[in-house]
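What follows is a single structure, written as structure tokens, with notes after it.
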Amino acid sequence: MKKQKNSSFIFWLFLAPVLFTFIMVIIIPFFMGIFYSFTNWSSSARANFTLQWIGFTNFRTSLGDPTFLYSFLITTLYTVLNVVVINATALILALVVTSKLKLRNIYRVGFFIPNLIGGLVLGYIWQFIFNNALPAIGNAIPLLSGLANPENLILSKVGSSVAALVIVGTWQYAGYIMMIYIAAIEGVPESLFEAATIDGANEFQKFLKITVPMVAQAFTITMFLTLVQSFKQFDVNVSLTAGGPSAMFRNTPLFGTELLSLNIYNTAFIKNMLAEGQARAVIFFAVLVVVSVVQVTINKKKEVEM
Amino acid sequence: MKKLLIVVVIMVALMGSVFAAGSKESSTGKSATITLMQNKPEIDGALKDYAKAWNGLTGNTVIVKSVGGSSSITLGQQLKADFAAGDMPDIFIIAGIEDYKEWEGIILDLSNEKWTGDTSVAFKKDGKVYGFPVAVEGWGMAYNADMLKKAGIDPKSLDNYSAYKSAFEKLDSMKVELGIDSVVSMAAGPEMGWVTAHHNFNSLLSNGLPYGDLSVVNQLLKGEVDAKRLSEYADWVELLFMFADKAVLTTGNYDSQVGAFATGKSVFLHQGNWVDPNMKSAGATFEMAFAPHGSMHTATDGIFVAAPSFYVINSKSENIEAAKQFLNDMVYTTEGQDFMVNKAGMIPAYGNVKLNPSGQLSKSVQMWAGEGKVYSWNQYNFTGDFRDLTLAPIYNQFANGSIDKAKFIELMTNALQGLK
């Protein structure tokens, strides 16, 4: 009995530093944030300012703001594209590097490295590629002269800018997701493939009937990670497109690639409405929880137990 | 189990107190440490050197923090974060009335300072002085004088819309001869809203009006739009966009915009005298100066000159006296003057300072100011929200060609009427 008490004391002792940090930087700010979203807080020294409880006003104005609604739509579109492209790319890469390819370990490292570069840096690098490198290629090679035409600049149109965000997001994140797929694929027992080969299954059938169901557990994780990552996308958004180019939505000119996180940030720091930004963050959080719970539940049903 | 939880909670609380104790160290001793936060990364080094020199003179330490250089990371955001954290700097920057309102509760009245007698551009509200002008800055249309000479255009003639129009057309037809990509280097991309929705927008607000005249601003703030003035302004915006390099215009950033002018790829640049250091580092040696904006059909003979930002002192600071002395010494010591003019390359806002900056565009601003041909900066009478989130996308759409001039006027009118 005594021994057990001792070990649980040690358990808590070791947990304490992490728990402390977690409570200080996640739990407390989270509830403070919810509290502030119901107030007129602005973190400034305006004359005659008093902190007031204003109920759901922030939520109402947020939902009535076309830029917020537009951000929701464009973020959803971006997320769908991003989840599909990242997972497809990652799965293909994983299949390639788990095959009997020469130098496959070098490829693994190569595909993973972009994930180690910070999103801001990555965004600026790709901005340079889209704005300067591609037109320079267009100028140098007559066959690709279309690239040099300013009309065709990728970041000058909303549609292609979203595509650019997806390309950069995939470049950054596919390597990481690939690692998860590799672990799952390597966990599939070789005997299953051997049995299937004896039964005369071809490579595609083996992939569809054995690999896919066997790595379904990995799908749950990768889908969740990419979904959350895409929804919360901020750093690449800021550095690559800064929200531009602008678009029209419900007769309001607004930033065409302003994803939700950036919209929240701009509301807080450019509009100087910190409490309203906080309210948007709370809405964002609620939606994200619902979407990811639905996604995990659906994915869980598709998993097979060995 | 419950007991253990209590132990954990107590431990957590104790650890918290350790952190709390750390942050509350009080400054004892005679020498003070003041924190200064400013928004010009380009003078960060010079300011830190001056702070060190000042430390040698007075024994007081100044910690310089510089935040800025982009429209997505600004001083205002950092101030809010620091204010929420209870870590407000002793000296910080405001740009105008909207910033003043934001921090009104903690801005110290500086009316009795010595320097207030030596400047005409201090930030005043209700007859009291609150802000120490950092410098005088100005913008107009910066031109490459060598190219204008080659094209036979007299820069003195450039002071209204039609003069600019014919000059632009002539220069455009000489593109190959002059070796330029475009006539004007203009930027309206998503990061460049401060060029369009702040600086260019000001042409609508103050061009041709007496210095300090807020009549147009006040009308607009009431939602009343002068259709003729706006339509002439729209002509001007269209002209600038039409003769700009499309790539720089739609997706370029500060470097590509200024770079195009510095490397002789454009004749005009829509920026202010703060590009002097950029010109120097790019090795641009051609003769350059400012011409007025052509946002009106009648002649407007002057450029936009003002103090862009002001140091204010935090009235809740524990080191108010040291902070006051720091600002005074900047104006009245040789070290301070040397910093402002020679090291930071700024145009001094103080009459007692006899030094002159070496940059060509700064000299041009001084020349216009000396002749009294100046128009005010009125854009700061509109909120950052309105300029960055409402107007900037409209300019961006016009630049991208997704809307035409009529639609531009309509959207601008709607936006301005929405101010009511």
Side-chain angles (χ1 to χ4, degrees), chain A residues 5 8-9 11-13 15-17 19-21 23-24 41-49 67 124 127 130-132 135 148-151 153-158 161 238-239 241-248 251-258 262 265-274, chain B residues 1 4-5 7-8 11-12 15-16 19 70-74 76-77 79-81 83-84 88 98 101-107 189-193 245-253 256 314 316 383-385 387-397 399-403 411 414-415:
Chain A
K5 207 170 188 182
S8 69
F9 175 73
F11 166 76
W12 285 106
L13 183 73
L15 191 63
L19 195 67
F20 170 74
T21 318
I23 291 172
M24 293 304 276
W41 180 63
S42 76
S43 186
S44 65
R46 285 181 173 269
N48 312 319
F49 173 81
T67 69
Y124 286 122
Q127 192 189 45
F130 290 132
N131 284 349
N132 303 71
N149 184 350
E151 296 284 313
L153 277 173
I154 291 176
L155 296 179
S156 71
K157 304 247 165 19
V158 175
S161 293
V238 166
S239 54
T241 70
S246 69
M248 289 291 280
N251 249 332
T252 315
L254 39 69
F255 289 112
T257 60
E258 190 183 62
L262 186 58
Y265 179 81
N266 284 344
T267 308
F269 290 113
I270 294 184
K271 279 194 174 178
N272 282 331
M273 295 187 200
L274 270 81
Chain B
M1 194 60 202
L4 276 170
L5 219 93
V7 170
V8 170
M11 279 182 56
V12 167
M15 289 172 80
F19 280 66
S70 127
S71 57
S72 43
I73 299 124
T74 66
Q77 294 158 18
L79 285 177
K80 284 186 168 265
F83 184 74
M88 206 57 183
E98 283 300 322
K101 282 188 202 157
E102 201 68 25
W103 302 109
E104 195 172 353
I106 57 163
I107 291 179
E191 291 166 56
M192 302 304 285
D245 182 292
K246 282 286 168 293
V248 175
L249 181 69
T250 55
T251 58
N253 54 19
S256 49
N314 178 354
K316 300 282 191 301
T383 62
D385 168 26
R387 286 175 279 138
D388 290 327
L389 299 181
T390 308
L391 294 185
I394 303 179
Y395 285 96
N396 183 243
Q397 295 223 2
N400 284 347
S402 30
I403 58 174
L411 290 174
N414 289 346

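Proteins get letters first, then strands, A, B, ... in listed order; numbering begins at 1 in each. All values below come from the heavy atoms of this structure, side chains included, with hydrogens, waters and symmetry mates left out.
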Given a strict heavy-atom distance threshold of 4.5 Å, which part of B/I394 is in contact with chain A: side chain, backbone, both, or neither?
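Its backbone and side chain both get close to chain A.
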
Pick one of side chain, backbone, both or neither for B/N396, based on which atoms fall under 4.5 Å of a heavy atom in chain A.
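Backbone plus side chain of B/N396, per the 4.5 Å heavy-atom cut-off to chain A.
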
pair [X]-[Y]: side-chain heavy atoms closer than 4.5 Å:
| X | Y | value |
| --- | --- | --- |
| A/L153 | B/T250 | yes |
| A/F49 | B/E104 | no |
| A/N272 | B/E98 | no |

Rounded to the nearest 0.5 Å, how far does CD of A/Q127 lie from OG1 of B/T251?
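Between atom OG1 of B/T251 and atom CD of A/Q127 there are 8.0 Å.
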
Measuring from atom CG of B/N400 to atom CD of A/E151, what distance do you get when rounded to the nearest 0.5 angstrom?
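Atom-to-atom, B/N400:CG and A/E151:CD are 9.5 Å apart.
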
Ignoring hydrogens, what is the shortest heavy-atom contact between [X] and [Y]? Give both atom names and the distance.
| X | Y | value |
| --- | --- | --- |
| A/S246 | B/P393 | OG-O, 2.8 Å |
| A/A242 | B/P190 | O-CB, 4.1 Å |
| B/A247 | A/P150 | N-CB, 3.7 Å |
| B/A84 | A/W41 | CB-CZ2, 4.1 Å |
| A/F255 | B/A392 | CZ-CB, 4.4 Å |
| A/M248 | B/Q397 | N-NE2, 3.3 Å |

Relative to chain B, which segment of A/T252 carries a heavy atom at a distance below 4.5 Å: side chain, backbone, both, or neither?
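Neither part.
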
Measuring heavy-atom distances to chain B, does A/L274 have an atom under 4.5 Å in its side chain, in its backbone, in both, or in neither?
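Contact with chain B is through the side chain of A/L274 alone.
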
Please identify, among A/A45, A/S42, A/G243, A/P135, the residue contributing the most non-hydrogen atom pairs under 4.5 Å to chain B.
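Option with the greatest count: A/A45.
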
Among A/L155, A/N251, A/N131, which residue has the highest count of heavy-atom pairs closer than 4.5 Å to chain B?
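It is A/N131.
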
Walk me through it: do B/L389 and A/T67 pass the test side-chain contact (heavy atoms from CB on, under 4.5 Å)?
CA-CA 10 Å; B/L389 299 181; A/T67 69; over 6 Å; no

Which one wins on heavy-atom pair count under 4.5 Å against chain A: B/K101, B/K316, B/K246?
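Going by pairs under 4.5 Å, I would pick B/K101.
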
